[in-house]
Amino acid sequence: MPELPEAETIVRGLRAHILNSRILSIDFPRARYFRPQFEEPVEHYLESRIIDIFRHGKSVIIQVKTLEEAERFLVIRLGMTGQLLLGDHTDRHTHAIFCLDSPGMRLCFRDSRQFGKMLFVKDWRPIFRSQKTLSLRHQKKAAPEAYALNKLNRQPFTLPASDPLKISAGEFLSIFWKRRGMIKAALLNQHLLVGVGNIYADESLFAARIHPKQRIQRLSKQRLLKYFTLLVKILNNAIDLGGSSISDFVGATNVLGEFQLEHRVYGRTGEKCLRRGCSGLIKHTVVSSRSTHYCPLCQRRI
DNA sequence: ATATGGCCCTGGTTGC
DNA sequence: TGCAACCAGGGCCATA
C-alpha cells in the first residue's frame, strides 16, 4: 500500500519526466465507477502547465498553471492500490488518462480496488480543522444538500500539516508526548501525522523496540525522540530503495521498489526475529483493525 | 479524547 | 478443478 516512501518515489519519477509539460486532454474512461471531485469544471485544467509535483504525506500533488495564469492543484490519494504511471496503461482499472504535450506522453491513474481519490482543487493546503468538522456535522442534519456539497469542497483540506520528513523532533514530541492510547493507533492517525501507514509503523516500532500496543503516555521523552529518529531513518532508507512493492506498488515508470526486502517484521508472522541473538518468533495481532507484526521479545510493553 | 466496527472495492489465497 | 468464502486495508463515518 502506498505510504510516504511510495508516494515520494512516484513524485520523483513524475518530476523527472513531466515537469513543465502541458495537459492536452483529460479522460475518465470509467466515470461510472470512478468520480474525481472538482471544485470547478475540468475544462479549466485543459492546456494548463504542470509547474510542480510534490507530496504531502501519502498524497501526490500536481500543481498546474492554467491558461489564465491561475494556480490549481490536482491531489491524488492512492488509497490501497493506486498507481500513477507514465505511458500507455489503459485497461479495466485505468480511471484517468492525462495526455501531455510531449509526443506520446501520457499519465495514467490505475486503481484496482478503487479506494483512491482524485481532487481538482484551488488549494491543497490544510485550512480545515476539527472545529469545522463539528459544524459540518450540524449542517448534515439541518441542510443535507448543502452538507454534501461542502463535504466535497472541504475534503482536500483535511490534510494536516505534519509530515515526518518535514517536522522537527520537537514538533513530533508536541504531537505525541503524553498523548493517550496505543502508539501504533496514533501513528496511523493521519490527523496527527501524515505519511505513516501500516508497513512503516510496524517496521519503525520494531527498530525502536516499542510494542505496537504500547500506551504512549508511558513512554519517556527520550524514548519518543529515539523513535522519531529511527522512523525518519527508515522512511529515508525506503525512499532510497524506491519504496516497498508488496502487492501493487510500482513507481511512475513501472519499476518495483526494493524496500520490501528490508522488512524485518511486516508480513513475517511466525518467522524468526532478525535481530542478532534474538530467538523470538514474529507475532501477529490487530491494532486499529490493521494487521500488526512485532517481536514479542524485542518489543515489550512497559 | 479515544476506541471499535462497518463501509467502499477487487484480486489473491484458502478451503471444501 | 471449481467455486465460494475470506482476507488485505486507507480513509471516513457513526456509534459507544
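All values reported here derive from a predicted model rather than from experimental measurement. A note on names: the letters A, B, ... follow the listed sequences, proteins ahead of strands, and every chain is numbered from 1.
Separating the NE2 atom in A/H17 from the CG atom in A/L107 is a distance of 12.0 Å, to the nearest 0.5 Å.
One axis for each end of the helix from B/dT2-C/dA16 to B/dC16-C/dG2, each built from five base pairs, and the angle between them comes to 50° at 10° resolution.
For residues 220-241 of chain A, no residue pair satisfies the salt bridge (charged side-chain N to carboxylate O under 4.0 Å, His left out) rule, not counting sequence neighbours.
Rounded to an integer number of Å, the gap from A/I183 CD1 to B/dT2 C1' is 15 Å. Between the NZ atom of A/K184 and the P atom of B/dT4 there is a distance of 14 Å, rounded to whole Å. Across the protein-nucleic acid pair, A/L192 atom CG and C/dC12 atom P stand 13 Å apart, rounded to whole Å. What separates CG of A/N189 from P of B/dT4 is a distance of 14 Å, to the nearest Å. The CE-P distance, from A/M182 to B/dT2, rounds to 12 Å in whole Å. As rounded to whole Å, 13 Å separates atom P of B/dT10 from atom CZ of A/F34. In this structure, CZ of A/F109 is placed 15 Å from P of B/dC9, rounded to the nearest angstrom. As rounded to whole Å, 17 Å separates atom P of B/dC8 from atom CD of A/Q37.
Outside the 6.0 Å centre-distance limit, the rings of A/Y227 and A/F176 are not counted as a close aromatic pair. A/Y266 has its ring centre no less than 6.0 Å from the ring centre of A/F259.
Between A/D52 and A/R15 there is a salt bridge, with a side-chain nitrogen of the basic residue lying less than 4.0 Å from a carboxylate oxygen of the acidic one. In this structure, A/E8 pairs ionically with A/R55, as a charged nitrogen and a carboxylate oxygen lie closer than 4.0 Å.
An OP1 or OP2 oxygen of B/dA3 is reached within less than 4.0 angstrom by a side-chain nitrogen or oxygen of A/R215. Phosphate proximity of B/dC9 to A/H93: absent, as no side-chain N or O sits under 4.0 Å from OP1 or OP2. Residue A/R92 has no polar side-chain atom (N or O) positioned under 4.0 Å from OP1 or OP2 of B/dT10.
Between the side chains of A/H95 and A/D111, no donor-acceptor pair of N or O atoms lies under 3.5 Å.
Distance alone, capped at 3.5 Å, places no donor-acceptor pair between the A/D88 side chain and the A/R106 backbone.
In this structure, A/L241 is not a member of the same hydrophobic cluster as A/L261, with clusters built from ILVMFWY side-chain heavy atoms closer than 4.5 Å.
Remark on DNA chain B: of its neighbouring residues A/A185 and A/Q114, the 5'-side contact belongs to A/A185, judged by nearest-heavy-atom nucleotide.
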Check the interface with nucleotides 7-10 of chain C: list each N/O to N/O pair with the protein under 3.5 Å, or write none.
from   : atom 1 : to     : atom 2 : distance (Å)
C/dA8  : N3     : A/R113 : NH1    : 2.8
C/dG9  : OP1    : A/N198 : ND2    : 3.1
C/dG9  : OP1    : A/Y266 : OH     : 3.1
C/dG9  : OP1    : A/S291 : OG     : 2.8
C/dG9  : OP2    : A/S291 : N      : 3.2
C/dG9  : OP2    : A/S291 : OG     : 2.8
C/dG9  : O3'    : A/R290 : NE     : 3.3
C/dG10 : OP2    : A/R290 : NE     : 3.2
C/dG10 : N7     : A/R290 : NH2    : 2.6

